[in-house]
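Predicted model only: the values in this text are computed from it and were never measured.
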Amino acid sequence: MKPLGLCASLALLSSSAQAHAQTIVFSDDFDAENGGVGRLNYEGFAQWSVSDGALDLIGGGQSDFLPGNGLYLDLDGSLANPDAATLTSLALDLVAGRYELQFDLSYNAEFASMRASDLLDIRVAGLGLRSLTSVEGLSQDAFTPTVIGFDLEQATRGSIVFDHLGGDNGGFIIDNVSLVLIPSPGAVTMLGVAGLGVGRRRR
């Protein structure tokens, strides 16, 4: 029976390590904004600021191109040109380590042939992570889950930034933004070894 008990302990430790493998540093699905109702040229965000233009909080009955996803953001708002926006999160205190920026990405179905000038720069804490100049690979009918991994070599304070350049009243659409800290494999292994040691002492 002892080998079975050991296997059960290892399985529990593995499950525990996976459960603690990620720390959510920041998360927002935008569904609580504006009382859950979409609004064009919206700026009243709880966790973000809008600059250099306007964006549209859509869904929830307002220009709902992707029904069933609650509220989400068209980063090129409905004001006169130039109207694309820079969306900046609250400042975050970030430790050194491996991170993943996760978000869902689509584009405005009314502007399926987005102009070549449409550009989305994605940054975190001053790091330029990715620039998108095309909707190739994206669907206008569903969100595409997107993950950008990056490393911070030292602790810093910074924000998540989606910087959209355009001017055709339609652009990239985002939802479900989160920033996740991924511990090093060594840290997870040490957690398992420490737990195994406790089990041995108890026996």
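- Between Phe162 and Phe103, a ring centre-to-centre spacing shorter than 6.0 Å is recorded.
- Between Ser159 and Ala91, the shortest heavy-atom contact is OG-CA, 3.6 Å.
- In terms of hydrophobic clustering, with Ile, Leu, Val, Met, Phe, Trp and Tyr side chains grouped at heavy-atom distances under 4.5 Å, Val135 and Ile148 are assigned to a common cluster.
- The six-membered or imidazole ring of Trp48 lies away from that of Tyr42, with a centre-to-centre distance of 6.0 Å or more.
- A heavy-atom distance below 4.5 Å is not found between the side chains of Leu129 and Arg123.
- Put simply, CZ on Arg157 and CG on Leu92 are 8.0 Å apart, with the number rounded to the nearest 0.5 Å.
- Within the model, atoms CG of Asn69 and CZ of Phe30 stand 12.5 Å from one another, a figure rounded to the nearest 0.5 Å.
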Checking Phe45 against Leu73 for the side-chain contact (heavy atoms from CB on, under 4.5 Å) test, could you report, in this order, the C-alpha distance in whole Å, the side-chain angles of both residues, the deciding distance, and whether it holds?
CA-CA 11 Å; Phe45 292 96; Leu73 305 183; 3.7 Å; yes
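- With rounding to the nearest 0.5 angstrom, the CG atom of Leu90 is 6.0 Å from the CD atom of Gln47.
- Residues Val124 and Tyr99 are not in side-chain contact: their nearest non-hydrogen atoms beyond the backbone lie 4.5 Å or more apart.
- Inter-residue side-chain proximity for Leu179 and Leu94 is flagged as met; some heavy-atom pair is nearer than 4.5 Å.
- Minimum interatomic distance between Ala125 and Thr156 (heavy atoms only, all atoms of both residues): CB-CG2, 3.9 Å.
- Put simply, the side chain of Tyr72 does not reach to within 4.5 Å of the side chain of Asn176, judged on heavy atoms.
- The minimum heavy-atom distance between Asp28 and Glu33, with the atom names listed, is OD2-OE2, 4.3 Å.
- Looking at Asp121, its side chain never comes within 3.5 Å of a backbone N or O of Ser131 through a donor-acceptor pair.
- Put simply, Val161 and Leu152 are part of two different groups of oily side chains (I, L, V, M, F, W, Y) that touch within less than 4.5 Å, one to the next.
- A heavy-atom distance below 4.5 Å is found between the side chains of Leu101 and Val177.
- Of the possible polar contacts, none joining the Asp163 side chain to the Thr86 backbone as a donor-acceptor pair under 3.5 Å is found.
- Proximity of Ile174 to Leu87: side-chain heavy atoms (C-beta onward) are separated by under 4.5 Å at one or more points.
- Here the straight-line distance linking atom CG of Asp64 with atom CG of Leu71 works out to 8.5 Å at 0.5 Å rounding.
- Under the 4.5 Å side-chain heavy-atom criterion for grouping Ile, Leu, Val, Met, Phe, Trp and Tyr, Val180 is not connected to Val95 through any hydrophobic cluster.
- Between the CZ atom of Phe143 and the CG atom of Asp175 there is a distance of 4.5 Å, given to the nearest 0.5 Å.
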Report the C-alpha separation of Asn108 and Ile58 in whole Å, then their side-chain angles, then the decisive distance to 0.1 Å, and conclude whether the side-chain contact (heavy atoms from CB on, under 4.5 Å) test is met.
CA-CA 10 Å; Asn108 190 319; Ile58 56 178; 5.7 Å; no
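- One hydrophobic cluster, built from ILVMFWY side chains closer than 4.5 Å, holds both Leu132 and Tyr107.
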Using side-chain contact (heavy atoms from CB on, under 4.5 Å), reason through Gln62 and Leu40 one step at a time and then give a plain yes or no.
CA-CA 8 Å; Gln62 174 70 57; Leu40 301 182; 3.6 Å; yes
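- Contact of the Gln140 side chain with the Leu66 side chain is not registered, since no non-hydrogen atoms from C-beta on lie closer than 4.5 Å.
- Residues Asp76 and Leu55 fail the side-chain proximity criterion, which asks for heavy atoms closer than 4.5 Å.
- The two residues Thr144 and Thr146 have their closest heavy-atom pair at O-OG1, 3.1 Å.
- Annotation for Val50 and Ala85: closest pair CG1-CB, 3.8 Å, computed over non-hydrogen atoms.
- Closest non-hydrogen pair, Asn41 versus Asp56, comes out as N-OD1, 2.8 Å.
- The distance from atom CG of Leu120 to atom CD1 of Ile173, rounded to the nearest 0.5 Å, is 12.0 Å.
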